[in-house]
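Not measured: the values here are computed from a predicted model. Atoms within a ligand are numbered from 1 in the order they appear, just like the ligands themselves. All residue numbers in this chain count up from 1 along the given sequence.
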Amino acid sequence: MEEIQVDPPQAYEVRIKIICTSLCHTDVTFWKLDSGPLARFPRILGHESVGLVESIGEHVDGFKQGDVVLPVFHPNCEECKDCKSSKSNWCARYANDSISNTRRYGMASRFKDSTGEDIHHFLFVSSFSEYTVVDIAHLVKISPDIPVQKAALLSCGVSTGVGAAWKVANVEEGSTVAVFGLGAVGLAVAEGARLRGAAKIIGVDLNPDKFELGKKFGFTDFVNPTLCGEKKVSEVIKEMTGGGVDYSFECVGLPSILSEAFISTRTGSGKTVMLGMGKHAAPISLGSFDLLSGRTICGSLFGGLKSKLDIPVLVDHYLKKELNLDSFITHELKFQEINKAFELLEEGKSLRCIIWMDK
Ligand code: NAD
Ligand code: ZN
């Protein structure tokens, strides 16, 4: 913990007082990076949070002091060709840049340490700080009716999983689904698939504790890779589904699991969605005939959602008691205890740990 200076917001930026934040596996992955262009330190991690607008810069429309807002790592400028198209959630104006501190101002940081040295931002939102400065392309105003700790989940992990089932795979009623990795992202995929009426949702994880938890999110079956004997997980899944699942989702971040998820889908029509974020953007390997025979594969950031358009829809589903957000919160801690949140996630004991700034 150290005291820092957080600069006032510049044009198109908002300074936010963070109310609560949570830890996603992507924070852990970036924290552990020791080389390459993405390993930038010192840095303020954190990208799942909720806050209050404290002050606004010039040319900021639609946000005012006191608004409850969700900072979102994936941009949505609403003006570029891709933001205006319904084909993807890529923002042509800002999404190509993953190195800068702020998208409009390049490497300029809004954080300084006690000696006046810059501190790097993380994913343009940096929420492990009492105050942060965020570009309005990364900001969504939300209804004050949703409890803030539930809303925080929608700024990354849960939206990514639910969105992937809804928008990217477009899972339909009666279909079969396999999810590899039952963290918050994988469990949210199941929640999304359950809401779309999937008939069979198979969870694959090394940690058997996740299976009991998974039942709350609509999983109907489980496979533990360590108990498959000579068989590959994909063979077991093919046996369980009479030839392979309609949809599979990789939610761990390992290329070997992606290959297994891909081959678990049905020949001719199976679709695989990659959500896991591995270290150093490692290459992936797929059997060319498995692809030629009609399977498809794609990746997705933020579950294909356009934050400004789709997060309010998810909030609405929660308020109508259709979307289960409550079961994702397994722990709550004070900001001073944040290191414990890293331990809990790494030991596989938590899904999402809410970290309160003021308690
Ligand atoms: P998590 O740590 O909570 O969950 C990961 C799960 O994978 C754990 O349950 C773990 O037991 C399981 N696992 C680990 N190795 C396994 C293996 N070999 N076989 C089967 N299961 C295994 O993580 P999370 O917060 O749910 O995030 C999951 C992944 O999604 C991470 O890679 C994260 O970076 C990524 N992510 C991507 C996006 C996106 O926009 N695409 C958004 C959020 C998170
Ligand atoms: Zn995340």
May I ask you to list the atoms of ligand 1 that are less than 4.0 angstrom from any heavy atom of [X]?
X: G276; value: 29 (C), 30 (O), 32 (O), 35 (C)
X: F73; value: 40 (O)
X: L345; value: 3 (O)
X: R352; value: 25 (O)

Which option wins on minimum heavy-atom distance to atom 29 (C) of ligand 1: G253, C251, G278?
C251
For atom 10 (C) of ligand 1, which of L187, D205, N207 has the closest heavy atom?
D205
Determine whether I146 and L325 satisfy the following criterion, side-chain contact (heavy atoms from CB on, under 4.5 Å), listing intermediate values before the conclusion.
CA-CA 11 Å; I146 178 170; L325 291 177; 4.1 Å; yes
Measure the distance from [atom] to every protein heavy atom, then report the residue, atom name and distance (to 0.1 Å) of the closest one.
atom: atom 4 (O) of ligand 1; result: G183 CA, 3.2 Å
atom: atom 14 (C) of ligand 1; result: V252 CG1, 3.7 Å
atom: atom 43 (C) of ligand 1; result: C156 SG, 3.3 Å
atom: atom 16 (C) of ligand 1; result: L206 CD1, 3.6 Å
atom: atom 19 (N) of ligand 1; result: I257 CD1, 3.5 Å
atom: atom 2 (O) of ligand 1; result: H25 ND1, 2.5 Å
atom: atom 39 (C) of ligand 1; result: T160 CG2, 3.6 Å
atom: atom 33 (C) of ligand 1; result: T26 OG1, 3.4 Å

Are [X] and [Y] in a cation-pi contact, defined as NZ or CZ under 6.0 Å from the six-membered ring centre and within 45° of the axis?
X: R194; Y: F217; answer: no
X: R103; Y: F124; answer: yes
X: R110; Y: Y105; answer: yes

What do you reckon, does [X] have a nitrogen or oxygen under 3.5 Å from a nitrogen or oxygen of ligand 1?
X: C24; value: no
X: S350; value: no
X: T29; value: no
X: G186; value: no

Checking side-chain contact (heavy atoms from CB on, under 4.5 Å) for the pair V53/K64: CA distance, chi angles, key distance, verdict?
CA-CA 7 Å; V53 172; K64 61 176 190 320; over 6 Å; no
Min heavy-atom dist [X] to ligand 1 below 4.0 Å:
X: F302; result: yes
X: A184; result: yes
X: E346; result: no

Between L182 and ligand 1, which residue portion shows a heavy-atom distance shorter than 4.0 Å: side chain, backbone, both, or neither?
backbone
May I ask you to identify, for K210, whether its side chain, its backbone, both or neither come under 4.0 Å of ligand 1 on a heavy-atom basis?
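Answer for K210: side chain.
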Can you label the angle between the H74 ring and the F302 ring as parallel, tilted or perpendicular, going by 30° and 60°?
tilted
At less than 2.8 Å, would any N/O/S atom of C156, backbone or side chain, sit next to the Zn ion (ligand 2)?
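Checking the Zn ion (ligand 2) against C156, an N, O or S atom does fall under 2.8 Å.
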Can you tell me if Y247 and E172 form a side-chain donor-acceptor pair at under 3.5 Å?
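Present: a donor and an acceptor within the cut-off.
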Would you say the side-chain atoms of [X] pair up with the backbone N or O of [Y], donor to acceptor, closer than 3.5 Å?
X: S248; Y: S264; answer: no
X: E337; Y: K334; answer: yes
X: D205; Y: K210; answer: no

Do [Y] and [X] have ring centroids that are under 6.0 Å from one another?
X: F122; Y: H47; value: yes
X: W31; Y: H25; value: no
X: H120; Y: F41; value: no
X: F219; Y: F211; value: no

Run the salt bridge (Lys or Arg N to Asp or Glu O under 4.0 Å) test on E346 and K32 for me, step by step, so that the C-alpha distance in whole Å, both residues' side-chain angles and the decisive distance to 0.1 Å come before the verdict.
CA-CA 12 Å; E346 288 210 278; K32 288 188 170 172; 2.4 Å; yes
Could you grab the angle centred on the Zn ion (ligand 2), going from SG in C24 to NE2 in H47, to 10°?
110°
